[in-house]
Amino acid sequence: MNKPSAYAMVEVLGASNAVIVVDQMLKCASLQLCSRETSCGGHVTVVLSGDVSACTAAVDEVKSGAACDIVAAYVVSGPSDELVRIVEQ
């Protein structure tokens, strides 16, 4: 598997909100869904990969116009090999 240029990570409250956010991000930019993690209290973190500009555009899109509250959203450019292993497992 090729190492991605960047990851777009977004945390929301609720699985249905995660689906809405992922759909919005995939329609906005050329990305690939890598993982979805659910944690305590119903928080869901989704991780998508792509080039830095696509990840940035997608994160900016959901931060400015998401149909739900965004708990956290950020772009990791040039992820380390260890981060790639964690996300892709």
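Fair warning: this is a prediction, and the values are worked out from it, not measured in the lab.
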Can you find a pair of side-chain heavy atoms, one from [X] and one from [Y], that are under 4.5 Å apart?
X	Y	result
M25	E61	no
M9	V76	yes
R36	T45	no
D81	K3	yes

Nearest-0.5 Å distance that lies between atom [atom1] in [X] and atom [atom2] in [Y]:
X	Y	atom1	atom2	value
S77	D51	OG	CG	11.5 Å
L48	S30	CG	OG	11.0 Å
K63	Y74	NZ	OH	11.5 Å
Q32	Y7	CD	OH	9.5 Å
C34	E88	SG	CD	4.5 Å
S53	D60	OG	CG	11.0 Å

Single-linkage hydrophobic cluster, 4.5 Å side-chain cutoff, [X] and [Y] together:
X	Y	answer
V62	I20	no
V46	L83	no
V47	L31	no

What's the shortest heavy-atom distance between [X] and [Y], and which atoms?
X	Y	result
A29	A54	CB-O, 3.4 Å
V10	A73	CG2-CB, 4.1 Å
Q24	A67	OE1-N, 4.3 Å
C55	G50	SG-N, 3.7 Å

Q: May I ask you to decide whether D23 forms a salt bridge with K27, counting only side-chain N to carboxylate O separations under 4.0 Å?
A: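 A salt bridge links D23 with K27.
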Q. Do H43 and T38 pass the side chain to side chain contact (heavy atoms under 4.5 Å, CB included) test, and can you show the C-alpha distance, the side-chain angles, and the key distance before you say yes or no?
A. CA-CA 6 Å; H43 287 254; T38 303; over 6 Å; no
Q. Hey, mind stepping through V44 and L13 against side chain to side chain contact (heavy atoms under 4.5 Å, CB included) and telling me if it holds?
A. CA-CA 6 Å; V44 180; L13 188 57; over 6 Å; no
(Q) With side-chain contact (heavy atoms from CB on, under 4.5 Å) as the test, pick out the partner of V12 among V19, N17, D69. (A)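 It is N17; the other options fail the test.
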